[in-house]
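Letters A, B, ... mirror the listed sequences (proteins, then strands); counts begin at 1. Because only heavy atoms are used, hydrogens play no part in the values below, and waters and symmetry mates are left out as well, while side chains stay in.
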2 protein chains.
Amino acid sequence: MAQNKKTDFSGIDQEMANFAKALSHPARVAIIKILAEQNSCICGEIVEVLPLAQSTVSQHLKELQLAGLVKGTVDGKKSCYCINWETMQQSIQQFNGLLNSLNERKTFSCC
Amino acid sequence: MAQNKKTDFSGIDQEMANFAKALSHPARVAIIKILAEQNSCICGEIVEVLPLAQSTVSQHLKELQLAGLVKGTVDGKKSCYCINWETMQQSIQQFNGLLNSLNERKTFSCC
DNA sequence: TTTATTCATCGTATATTTACGATATTAAAT
DNA sequence: ATTTAATATCGTAAATATACGATGAATAAA
């Protein structure tokens, strides 16, 4: 983007934004929901459920992994994904912290 | 993006993703924080604080408005922005709903 | 061993985002 | 009336994101 100014912001703001970015596509929201619902982790079943090509789903999974929200292992010729609860919990708490502090600040709106 | 598949997902997932997308850039996280901290709403002071050009900040503000998280009014030759608490609250609750349901599901991670 | 299955990765096209400077607009100040 | 100040918008360049088909790699099945 002509220049990347993202790193000029505070570390916390960057982390918040990264977490939000990971969930900024409905496919990734859907994937997270699916993984949370099934306590046994799924693999290509995700592909069947989503209206996307297999390669596209793989791509979204990769992004979720990169954000630390999901981890995966290879199991035979199948791939098994599940939520990375350690980092997910951390991210959720951090993000909830922001949302709650917003709610606390809630006063009047001057405009 | 060759095709937009986002509308093929459930309305809720789309809303979640939209909310997340609004906060998927550190500049917008920072703006929201600033607006929440000052109960009197600010305008171009945001520009002074952020490491971005005035036009870029305007653009980010516009996106936040489009997502319904911020509203603004013109006040003389200045512009006044503040958080749109009605929709913000709604979005927060919806998003918290997702995050909480994830936490409830939290069992073991099979991989 | 050959074939089929499951998935990741590559290449690529298109859409969107990010960022800025330049310009337009509007109102206050002179 | 002119100038200054505060912002929004336009145009545009560059970076990213989204999506897919094709291909590759690895295992299971035949």
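The nearest whole Å value for the distance from the CG atom in B:Leu61 to the P atom in D:dT7 is 10 Å. If you measure from atom CG of A:Asn18 to atom C1' of D:dT16, you get 14 Å, rounded to the nearest angstrom. We find that NZ of A:Lys62 is positioned 12 Å from P of D:dA17, with the value rounded to whole Å. For A:Gln65 and C:dT9, the CD to P distance is 9 Å, given to the nearest whole Å. Straight-line distance from the NZ atom of A:Lys5 to the P atom of D:dA14: 16 Å, rounded to whole Å. Between B:Asn4 atom CG and D:dC20 atom P the separation is 11 Å, expressed in whole Å. Distance CD (A:Gln3) to P (C:dA19): 9 Å, rounded to an integer number of Å. When the C1' atom of C:dC20 is taken as reference, atom NZ of A:Lys6 falls 17 Å away, rounded to whole Å.
Dashed line: the shortest gap from a side-chain N or O of B:Ser79 to OP1 or OP2 of D:dA8 is under 4.0 Å. Between B:His60 and the phosphate of C:dA19, there is a side-chain N or O to OP1/OP2 separation shorter than 4.0 Å. In this structure, A:Tyr81 does not reach the C:dT6 phosphate: none of its side-chain N or O atoms is under 4.0 Å from OP1 or OP2. For B:Lys21 and C:dT17, the shortest distance from a side-chain N or O to OP1 or OP2 is below 4.0 Å.
Between A:Val29 and B:Phe9 there is no side-chain heavy-atom pair separated by less than 4.5 Å. Counting heavy atoms from C-beta outward, B:Gln90 and B:Glu15 have side chains that stay 4.5 Å or more apart.
Both A:Leu52 and A:Val74 sit near DNA chain D, but only A:Leu52 has its closest nucleotide nearer the 5' end. Heavy-atom distances to DNA chain D give each of A:Gln54 and B:Lys78 a nearest nucleotide, and the one nearer the 5′ end belongs to B:Lys78. Where A:Lys77 and A:Ser55 each meet DNA chain C at their nearest nucleotide, the meeting point lying more 5' is that of A:Lys77.
Proximity note for B:Thr56 (side chain, C-beta onward) versus C:dT18, C:dC20, D:dT18: the nearest is C:dC20. If you check C:dT9, C:dT6, C:dG21 against the side chain of B:Ala53, the one that comes closest is C:dG21. Residue A:Gln59 places its side chain closer to C:dG11 than to any other of C:dG11, C:dT17, D:dA17.
You won't find any donor-acceptor pair under 3.5 Å spanning the side chain of A:Glu63 and the base of D:dA17, going by distance alone.
By the 30° and 60° cut-offs, the orientation of the rings of B:His60 relative to B:His25 is tilted.
In this structure, B:Leu98 is a member of the same hydrophobic cluster as A:Val49, with clusters built from ILVMFWY side-chain heavy atoms closer than 4.5 Å.
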- Decide side-chain contact (heavy atoms from CB on, under 4.5 Å) for B:Leu102 and B:Lys106; before the verdict, give the C-alpha distance in whole Å, the side-chain angles of both, and the deciding distance to 0.1 Å. CA-CA 6 Å; B:Leu102 290 186; B:Lys106 182 185 176 182; over 6 Å; no
